[in-house]
Amino acid sequence: MNSPFDQSIPNLPLLGLPKVVIVGAGFAGLKLARSLRNKPFQVILLDKNNYHQFQPLFYQVATAGLAPSAISFPLRKIFHNTKNVSFRMAEVLQVDKDRKKLFTDIGFIEYDYLVLAMGADTNYFGSKNIENFSSPMKTVSEALYIRNKIISNYERAINIERMEDRKSLMNVVIVGGGPTGVELAGAMAELRNNVFPKDYPELSFKNMKVVLIEAGPSLLGAMSLEARQKALDYLVQLGVEVYLSTRVLDYDGHEVSLEGKDPIQTQTLLWAAGIKPNRIDGLSPDQYSGNGRLFVDEFNQLKDAEGIFVLGDQCLMPTGNFPKGHPQVAQVAIQQAKNLAQNLNKLTSGKAIVPFTYKDLGSMATVGRKRAVVDLPFLKFQGALAWLTWLFVHLMAILGVKNKLFIFLDWSWNYLSFDPSLRLLIKPKYVRASERKELIEEKSGV
């Protein structure tokens, strides 16, 4: 069998145009590819999945509010009738920046411009036990796994006689007080308060804990003081136990060990505490910062690497307003991709390229039904209006008319009935060893 290092990726069209290879179809990579449609470039988009994932709504898949297909969109469909854009499902292995070659598991490809938009993976801060036993939520597959795990726990708990023996199955502990952790805690509390008692009337959900743990002194650390306090108030109203300034020391699959507090019994530890950029072989250590992000200049070009650009969570661009780099949020990635698309067009026409400037459009988080917090550059508000704003913004950001319609109908039904209809335990089929690479998602890689 030929090595992917020895053969080029087959069946790519020969267009005779400058070749832009984009690694990763997240917010940055997809925005760039779409911005270069029908432009004088040959664009090759690579991703380990053949769909775009709308990460802000992963928690709704995990808590049975939305189907996985509602927040996923086929990449090939996006580029129907777009002759200059090709997609390949591949895992990137290594870059040779001197020969301008990118090596993947399906072969190598030569490029004129390489764009790394590989995003980030879960950061366990060196704890192997937490990595082995907790459940992250960085992909649709992981969100669906969490849904299955939670439902499976209650199906098991209902067949256990003693209440004490059921507690670890029923308790849910979430680590990380950012938007993902806050939204996940609010959704889990609403399931406990309004849905699970109807599904499992034989169980007492007064004994079920929903615990949110944050190592810092407040939730939603990047938002305003008003938003942080209101989010905490909302969670307390929902019955979530919030532990601030609390570090998780260890987890063995049954008990969470905390610094300075009693351990918590749970078989469900949801880890939303941090991210680390995905890496690629072939780059030198001095191109990486201490936290694993790649140093780029004001044009998003990788340090000491002509023709290589880095976008989104993976890059570090120290500026006057952001000496430690821009926040690792979707808006930064989208705006960087838009700026790079304009600069690539300028490069081909000999015009001066423009440095990237981030425009903060605000941030928001929802904490359950009619509870949300919104920070805009000119206004801060909370409550039902913030919740409606959050719904509208996220609905408009979803790709595809059909997906928008399905999500709107799901949200409307869930609001009117307080009874999400996707509490299905769909167990994965056993996969033969010979097929696992193609059919099972790996822990990391792009």
Side-chain angles (χ1 to χ4, degrees), residues 58-59 61-64 121-178 180-182 184-185 187-189 191-192 196 199-200 203-215 240-243 246-276 423-431 436 440-444:
F58 282 169
Y59 84 95
V61 173
T63 54
D121 202 355
T122 305
N123 190 349
Y124 299 98
F125 305 101
S127 174
K128 289 298 181 184
N129 278 346
I130 292 174
E131 182 176 356
N132 289 335
F133 294 112
S134 70
S135 299
M137 196 174 64
K138 288 290 185 289
T139 67
V140 170
S141 295
E142 290 174 348
L144 188 57
Y145 172 83
I146 290 172
R147 188 186 85 179
N148 279 351
K149 181 178 178 67
I150 290 169
I151 296 170
S152 174
N153 284 351
Y154 295 118
E155 295 294 348
R156 291 164 59 198
I158 203 167
N159 294 315
I160 295 174
E161 184 175 358
R162 294 179 66 249
M163 183 186 70
E164 285 301 314
D165 296 336
R166 295 195 297 260
K167 280 188 176 180
S168 70
L169 283 168
M170 297 179 67
N171 293 340
V172 174
V173 177
I174 300 150
V175 182
T180 298
V182 167
L184 193 51
M188 280 304 311
L191 283 175
R192 176 196 61 188
F196 287 155
D199 278 356
Y200 307 98
L203 298 177
S204 172
F205 284 89
K206 293 177 182 178
N207 299 315
M208 174 188 169
K209 289 183 178 182
V210 177
V211 182
L212 177 61
I213 301 171
E214 165 57 33
V240 177
E241 297 181 28
V242 181
Y243 294 0
T246 302
R247 287 180 57 239
V248 175
L249 300 177
D250 204 357
Y251 179 56
D252 63 3
H254 292 270
E255 183 176 272
V256 184
S257 301
L258 306 176
E259 185 178 59
K261 290 185 172 65
D262 293 335
I264 303 172
Q265 301 294 319
T266 184
Q267 293 186 40
T268 307
L269 179 66
L270 308 182
W271 192 260
I275 61 174
K276 61 179 180 182
R423 300 184 302 281
L424 311 175
L425 176 54
I426 303 175
K427 297 179 181 179
K429 183 182 184 295
Y430 172 78
V431 178
R436 287 177 187 174
I440 294 181
E441 181 179 79
E442 298 293 337
K443 281 193 173 184
S444 61

Counting N and O atoms only, with roles assigned by atom type, does the side chain of [X] sit under 3.5 Å from a partner on the main chain of [Y], one being a donor and the other an acceptor?
X      : Y      : value
Tyr251 : Thr266 : yes
Thr139 : Glu142 : yes
Arg166 : Ile160 : yes
Asn171 : Gln265 : yes
Trp271 : Gly176 : no

State the [atom1]-[atom2] distance between [X] and [Y], to the nearest 0.5 angstrom.
X      : Y      : atom1 : atom2 : result
Leu191 : Tyr154 : CG    : OH    : 8.5 Å
Ser152 : Leu169 : OG    : CG    : 8.5 Å
Ser257 : Ile264 : OG    : CD1   : 10.0 Å
Ile146 : Leu270 : CD1   : CG    : 5.0 Å

For [X], salt bridge (charged side-chain N to carboxylate O under 4.0 Å, His left out) partners two or more places apart:
X      : value
Glu164 : Lys167
Arg156 : none
Asp199 : Arg423
Lys138 : none

Exercise. Who pairs with Tyr145 by side-chain contact (heavy atoms from CB on, under 4.5 Å), at least two apart in sequence or on another chain?
Worked result: Ser135, Lys149
Throw together a table of side-chain donor-acceptor distances under 3.5 angstrom for residues 204-214, partners on residues two or more places apart or in other chains.
residue : atom : partner : partner atom : Å
Glu214  : OE1  : Gly177  : N            : 2.7
Glu214  : OE2  : Gly216  : N            : 2.8

